[in-house]
Amino acid sequence: MTNDAKKIDSATLSTHGKLSMFNEGLKSGLANGQKFTKLMDQLIDTNDGETLLAAAKELSDFKLDSAYVTFPHQYQNADYYLIFMSRLLGMHDDEHAILNTRAHSESLYHVFNELSDDYTFLYQVVDNDNGGAYYHEQTTGENLFYIHLERRLLRFNSTAFTNLFINKLLLKGVGVDQINTVLATLINFGHYLQDDFGFNVDFNILDVANAAKYELHEADLSGEVVDKLFVTAAKNDYMLQNSPHGHGAQIQLPGNLLIDIFDAGSAGTAKWVITVHDDDQRVSWFDVLLHFDFMRDWYLENIESLAIKADPLVFA
């Protein structure tokens with residue numbers, strides 16, 4: 001073979017290689033799109049919980065575009081958390097969280113009929129090695145809870161619930177019944193994750209179990225803060241007693257509610273907590289804040305000390 005023939009043969013092979021690479025890239029990109037649509041079918045149509053969760057997990061980290069095929073219309077990874085939540089709620093006949101699409105985009109968000117359209121909820125994916133996502137209210141910037149689908153983990157955030165539902169809603173005139181309807185949906189979502197998939201769920205300030213101990217931000221609570229509760233309780237015709245658990249106070253509220261605030265720490269290490277006891281285990285500390293003005297005022301006026309701690313690994 002002459003040198004000229006070799007050059008022509010080499011050029012032909014090079015062109016073939018480029019075309020083959022281009023074609024294979026298209027095939028791979030289209031195959032990736034087909035895989036995506038199958039997962040979407042599962043996310044949209046399945047009534048099997050584990051299939052739903054598996055599809056949501058994969059889609060929440062799915063890269064649809066490739067070097068050769070791009071799709072101009074697609075959801076963001078965070079949106080699949082929202083779709084998963086809506087589907088799971090729908091499978092349990094809870095339709096209070098309404099899934100909407102923003103105009104001129106495929107961006108998704110939640111609204112609640114009980115709240116104004118000023119309050120919109122979506123997920124924000126955590127962009128670090130921890131992964132997971134926060135359920136985020138856009139107007140206030142509050143992260144209500146953290147979810148990790150792979151680790152099957154859910155953590156509620158006491159600070160965000162206090163800031164949004166009490167400071168921004170209740171104190172601005174939104175009714176307790178309206179707030180409770182929204183809270184019920186979010187709490188139910190936690191129970192569905194717990195019951196259907198075995199998620200590890202910390203309801204935090206929303207926990208209604210009598211055994212729940214709401215740990216305070218200030219581990220060694222000053223006596224002055226407790227004294228303030230004695231004063232405001234007396235002004236509202238309630239009598240505080242010394243806590244039977246040791247250093248602290250106890251107050252009996254209507255509805256056979258018993259509230260304790262006391263040091264549950266070991267010798268030499270303070271750890272102040274609040275507990276709520278009711279016969280049916282249906283009342284959380286957050287419920288107390290919603291329904292008893294003087295308790296709420298005391299809590300908010302001393303929030304730096306009394307704030308209920310959320311999981312420090314996911315809420316700084």
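Atoms considered below: every heavy atom in the structure, side chains included; atoms not considered: hydrogens, waters and symmetry mates.
Counting only distance, with no hydrogens or angles, the side chain of N242 and the backbone of A249 share no donor-acceptor pair below 3.5 Å. Although no hydrogens or angles enter the test, the distance criterion places a donor-acceptor pair under 3.5 Å between the side chain of D278 and the main chain of R282. In this structure, R87 contributes its side chain and L43 its backbone to a donor-acceptor pair below 3.5 Å. Side-chain N or O atoms of Q74 include one that pairs as donor or acceptor with a backbone N or O of F71 at under 3.5 Å. Judged by distance alone, with hydrogens and angles left aside, the side-chain atoms of E218 form a donor-acceptor pair with the main-chain N or O of S222 at under 3.5 Å. Judged by distance alone, the side chain of N204 and the main-chain N or O of L206 form no donor-acceptor pair under 3.5 Å. The main-chain N or O of I308 is found under 3.5 Å from a side-chain atom of S158 such that the two form a donor-acceptor pair.
Within 6.0 Å of the CD atom in Q138, the count of heavy atoms belonging to other residues, nucleotides or ligands exceeds 12. Heavy atoms from other residues, nucleotides or ligands lying under 6.0 Å from CG of D127 number 12 at most.
Ion pairing between a basic and an acidic side chain is recognised when a charged N comes within 4.0 Å of a carboxylate O; E142 and K168 show no such pairing. Salt-bridge check for R296 with D293: passed, with a basic side-chain N closer than 4.0 Å to an acidic carboxylate O. The pair R152-E50 meets the salt-bridge criterion, with a side-chain N (NZ, NE, NH1 or NH2) lying under 4.0 Å from an Asp/Glu carboxylate O.
Aromatic ring orientation, Y192 versus H92: parallel (interplanar angle below 30°, classes split at 30° and 60°). Using a 30° and 60° split on the angle between ring planes, F145 and Y123 fall in the perpendicular class, above 60°. In this pair, F292 and F294 present their aromatic rings perpendicular. The plane angle is above 60°, beyond the 30 to 60° band.
In this structure, Y80 has its ring center no closer than 6.0 Å to that of F62. Checked against the 6.0 Å centroid criterion, the rings of F121 and H110 do not qualify as a close aromatic pair. Taking the six-membered ring for Trp and the full ring otherwise, the centers of Y146 and F315 sit at least 6.0 Å from each other.
For R151, the salt bridge (Lys or Arg N to Asp or Glu O under 4.0 Å) test picks out no residue, with sequence neighbours left out.
Follow the hydrophobic side-chain contacts under 4.5 Å out from V273 and you never reach Y214; the two are in separate clusters.
In this structure, R102 forms a cation-pi arrangement with Y109, its terminal cationic atom sitting closer than 6.0 Å to the ring centre and no more than 45° off the ring axis.
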